[in-house]
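Only one structure is covered here, and it is reproduced in the block below.
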Amino acid sequence: MANNYDFKESEKKWSKYWEEEGIYDFDGQSDKETYSIDTPPPTVSGAMHLGHAFSYSHEDFVARYQRMKQKNVFYPFGTDDNGLPTERLIEKLKNVRSTEVDRTEFVKLCQDTVAGIRPNFIQDWKNIGMSCDFNKSYSTIDNHCIRTSQLLFMDLHKKGLAYQKSAPTMWCVKCQTAIAQAELEDEELNSTFNDIIFKVGTENLIIATTRPELIPACVCIYVHPDDFRYKQIVGKKAKIPLFHYEVPIFADESVEKEKGSGAMMICSYGDKYDVEAITKRSLEPRVVIEKNGVLNHFAAKYKGMNIKDARRAILDDLEKEKLLVNKKPIQHVVNVHDKCGTEIEFLSSKQWFVKILENKKKLIKSADKIKWHPEFMKTRYVNWVEALEWDWCISRQRAYGVPFPIWYCKKCGKEMLADIKQLPVFPLENEPTKKCSCGSDKFIAEQDVMDTWATSSLSPQIVCNFIEDEEYNINFGKTYPMSLRPQAHDIIRTWAFYTIARGLYHHNKEPWSNIMISGHVLDPKGKKMSKSKGNVVEPQKVIQTYGADALRFWAANASLGKDLSYKEEDIKTALRTITKLWNASNFAFLHLTDFKNKKMELELIDKGILSKFNDIIKECTDAFDNYEYSKSKMLTEIFFWSQLCDNYLEITKDRLYNPDKRGVESRKSAQYVLYQLLLGVTKLFAPIMPYISEEIYQTHFVKSEKEKSIHISKWPKYDKKLKDEIAEKTWDKFVEILSFVRQEKAKNKLSLTAEVKLIITEEDNLLLSECLQDLKAVCKAKDIDVGEKMKVEF
RNA sequence: GAGCCUAUGGCGUAGUCUGGUGGCGCAAUUCGUUUACACCGAAUAGGUCCCCGGUUCAAAUCCGGGUGGGCUCACCA
């Protein structure tokens, strides 16, 4: 016996078994308590990365625990595969630009490509042992999702929470679309701070700027009202260099005197500040940058140049005309688009928004009605909401996404929403079902699509089947609000926030009762993993080499919200535990062939360890109830190694091997406890390491236990009746003496099998009177005598 | 500039809420290879628990103030 555990074979075998037997299928008819999980739909891309493996493991620990607690676990799986991220993926894979090909063709290319890569992509999640019900999987661009998303957009519209507005908004000139505040990222860039001469009459007015290309967009000059340098020019006009037109000079409290020259140009639009200033003073904007990042007629001779070229050309000309008095290199942080790293611009355009700002208070209050694990992550959410300055822009000027279910009347311009029966609707291809109230039946379709968050923020409504799709077969009332949202912390401001908003807006209810937030994976030195640094570890390779259980065991080292360094050593340690568990159970079952699982009177020392293990069960259960899987794993691990393997297995060997000498009853007692402990430990490990635990369960336990998989078996239960203080005291003393003997042998460089004479105290002798034979055997003691103090003689 | 998190043997971490001799893993050293396991066992050494102050009989733990690291947001003239 003692075949090595072959994780590759085992993982393949049990994955297949679970799928065939429908172990993780959600039973919509069951009256067991439902535990529903709002699994993050990963963005379809090349492959699962280690960060995914990490955080998805965490949620799967919880899912498996809840399932063993006999809850009816609703655990669907989806992929996010529309919108800009998908377009960018397809552009890269197929070497096309969405703006340069026909829209219909491009959409088809996206659909086909994604459909092709999705199965392999999902396979990675199956390979790490996710216990999702993969029958209940969705794609954020499938008809069910489009219908849900469109229906709920119409709901927002009806409630006045979605509105369209022409205004300067954040814009990416590379992706050529509006973006939302949450999609901004900081990037530190090198730039130059240029001191440029404007003229006020014949006087020079120095203005410092990092963006000379916006000089033709300048609509006024701001100075501080208390700034003595500029008091006399307020109310006058300044002449714009190179472009030869004049703008007014205003005094405004918001100006920082110490910054730059203390005088600033207000342009349409350099940043949020400009937007506010121009709105406040009702100035006529001169928007110089077009949607594609090219300068227009306002830029006169620089028309047609892109931002960077124009910047260079304008600086050159300023220099030639001696209007550039100083150039200072600086490093400053700018907002860039998170998808492509391009600096964002502010352009005026018509966009769809979801109202957020007027509901900030409510949205913050919602956070208190959800249990955050860990608690401090709530603060991040609250900080973000408090700091929000824009409503949520959900329209994107892109091709691949959920279309807005709306047309505009050609004659009167009025909005015409789709009929619910029409959904999913594609306004570019479909027509409204009725005429406009003005009598016209000519319409212009909305061209824009929704941002992908506008749909993924509805993941609870999607999976719980709010729209009541028949083929989906889920009862919304039974599954919503959901029990748990698992996710990583980087998307609190997007996914968590938007989902809470949608829950509130559509159902006046928080979408889940718990949210668990995972940390990030770092490289062995504690640095972020990134392709450019070359420190990326691929989970596929880890699984290949060490198995999914080992990877999960490693992932369980980090408690929620904590970052974890990847160290190969730690994965190896995991593998050791797996092997140990396998060997220990094989050894135990060598001696359990004649075992009958029947309650019986136990030896004192057996009662002792059983009582101790009972406490471990309680602690693990409490830990898991609080989403502290790492604590449960640690407790189980320590008990398994140092109590069960190092001590109990050694102690019972004499009884197991020599029933003729020690008596059948003492062997039976050991058998009983061995069985309970091993089954218990295997179950406690099961959520963390689903494969090895299933392998052990199927190999040894399935004959005597009822359930067809450990993963639907009952989580061990704390049993008050097992608590036995005296037995525990006996066990502790026994182990203490055993350690002492081992220590003495090590000091004297003797083998652990060396025979000794053991002397123990009268008191200990009394306490251990029932287990002296065990003590004698495991210490390899010829005799045990009573003396003044504990001693070992050779 | 603001908020949050964090600081524990060489490395990684538990313990902090609820004050009472700081535990575990890796690495190191020594010994042992015993009838599950060398993917092993036993033992040893190694810690002013970031600093300063306070509360207390007692502080890694509570309080105040610093310092270092990380994350997030803001700063964009």
Side-chain angles (χ1 to χ4, degrees), chain A residues 1-2 4-5 181 184 186 188-189 191 193-194 207-211 214 218 221-223 254-256 259-267 270-274 277 330 332-335 343-344 374-380 382-384 386-389 489-490 492-493 519-520 522 524-528 557-559 561-565 567-570 572-591 630-631 634-635 637-638 641-642 645-646 649-650 653-654 656-658 738-739 741-754 778 780:
Chain A
M1 65 143 287
N4 285 335
Y5 172 62
Q181 190 178 347
L184 299 181
D186 292 349
E188 186 146 34
L189 290 179
S191 183
F193 213 24
N194 309 287
I207 289 183
T209 181
T210 54
R211 301 206 55 188
L214 288 179
C218 179
I221 307 288
Y222 259 27
V223 294
S254 64
V255 174
E256 289 175 48
K259 216 159 183 179
S261 63
M264 64 187 290
M265 59 175 191
I266 302 293
C267 306
D271 57 27
K272 197 167 53 203
Y273 186 92
D274 287 348
I330 55 157
H332 67 161
V333 178
V334 292
N335 282 329
E343 289 178 60
I344 64 129
E375 176 80 28
F376 68 78
M377 287 292 181
K378 181 164 78 180
T379 317
R380 282 201 195 186
V382 172
N383 287 348
W384 172 255
E386 275 171 350
L388 273 169
E389 293 181 308
H489 58 67
D490 52 344
I492 290 176
R493 66 180 188 172
H520 278 158
L522 306 171
K525 288 176 194 140
K527 299 274 171 246
K528 259 188 191 165
N557 282 332
S559 54
K562 284 217 171 174
D563 295 344
L564 182 68
S565 276
K567 291 200 166 173
E568 196 157 15
E569 271 310 319
D570 293 339
K572 286 182 182 166
T573 304
L575 198 58
R576 264 192 285 273
T577 302
I578 291 164
T579 309
K580 186 88 173 172
L581 194 60
W582 176 241
N583 287 330
S585 46
N586 283 335
F587 165 71
F589 275 88
L590 266 184
H591 300 283
S630 64
K631 189 175 178 186
M634 190 188 71
L635 289 167
E637 194 184 356
I638 290 173
W641 280 92
S642 57
C645 292
D646 294 350
L649 287 183
E650 294 304 322
K653 273 180 185 171
D654 187 49
L656 292 169
Y657 277 107
N658 309 308
L738 176 56
S739 303
V741 174
R742 284 170 173 165
Q743 199 177 322
E744 289 298 306
K745 286 184 181 175
K747 267 188 207 158
N748 290 285
K749 307 198 171 182
L750 288 169
S751 157
L752 286 178
T753 51
V778 75
K780 298 279 184 292

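Chain letters run A, B, ... following the sequence lines, proteins first, then strands; residues in each count from 1. Keep in mind that what you see is a predicted model, and the values were worked out from it rather than measured.
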Minimum-distance nucleotide (side-chain atoms of [X] versus [options]):
X	options	result
A:K259	B:C39, B:C76, B:A74	B:C76
A:T573	B:C26, B:A43, B:C73	B:C26
A:A387	B:C73, B:U35, B:A14	B:C73
A:K780	B:C71, B:U35, B:A43	B:U35
A:K272	B:A42, B:C75, B:C4	B:C75
A:K567	B:U72, B:G12, B:U34	B:G12
A:E569	B:A74, B:A27, B:A43	B:A27
A:N335	B:A74, B:C76, B:A36	B:C76
A:K653	B:A36, B:A27, B:C4	B:A36
A:R576	B:A36, B:C26, B:C71	B:C26

For [X], report the nucleic acid contact type (base, sugar-phosphate, nothing); a contact means any heavy atom under 4.0 Å.
X	answer
A:K562	sugar-phosphate
A:K747	nothing
A:F193	sugar-phosphate
A:E650	base
A:S565	nothing
A:Y657	base
A:D646	sugar-phosphate
A:E256	base
A:I492	nothing
A:K749	sugar-phosphate
A:C645	base

Residue met sooner reading RNA chain B from 5', once A:W641 and A:A588 are mapped to nucleotides: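 Residue closer to the 5' terminus by nearest nucleotide: A:A588.
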Between A:T210 and A:K527, which is nearer to the 5' end of RNA chain B once each is assigned its nearest nucleotide?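 Nearest-nucleotide comparison on RNA chain B picks A:K527.
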With rounding to the closest Å, how many angstrom separate the [atom1] atoms on [N] and [M]?
N	M	atom1	answer
B:G32	B:C37	C1'	15 Å
B:U48	B:G9	C1'	13 Å
B:G69	B:G15	P	25 Å
B:A7	B:C50	P	8 Å
B:A43	B:A59	C1'	32 Å
B:U18	B:G25	C1'	27 Å
B:U21	B:U61	P	14 Å
B:G3	B:C39	C1'	47 Å

Answer whether the closest heavy-atom distance between the side chains of [X] and [Y] falls below 4.5 Å.
X	Y	result
A:L564	A:L522	no
A:N4	A:W582	no
A:K580	A:C645	yes
A:R742	A:L752	yes

Could one point to a donor on the side chain of A:T379 or the base of B:C4 with an acceptor on the other under 3.5 Å away?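 No, the side chain and the base share no sub-3.5 Å donor-acceptor pair.
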Watson-Crick or G-U wobble mate for B:A36, both contacts under 3.5 Å: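 Result: none.
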Please name the nucleotide paired to B:U67 by Watson-Crick or G-U wobble geometry with both distances under 3.5 Å, or report none.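 Looking at the geometry, B:U67 pairs with B:A7.
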Between B:A42 and A:Q743, is there an OP1 or OP2 to side-chain N/O distance shorter than 4.0 Å?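 False: A:Q743 side-chain N/O out of range (4.0 Å or more) of B:A42 OP1/OP2.
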Rounded to the nearest Å, what distance is computed from the CG atom of residue A:N557 to the P atom of nucleotide B:G15?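 Result: 13 Å.
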Calculate the interatomic distance between A:L656 atom CG and B:U35 atom C1'; express it in whole Å.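 Atom CG in A:L656 sits about 12 Å away from atom C1' in B:U35.
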Any chance you could lay out the side chain to side chain contact (heavy atoms under 4.5 Å, CB included) test for A:D490 and A:H520, step after step, and finish with the verdict? CA-CA 9 Å; A:D490 52 344; A:H520 278 158; 3.7 Å; yes
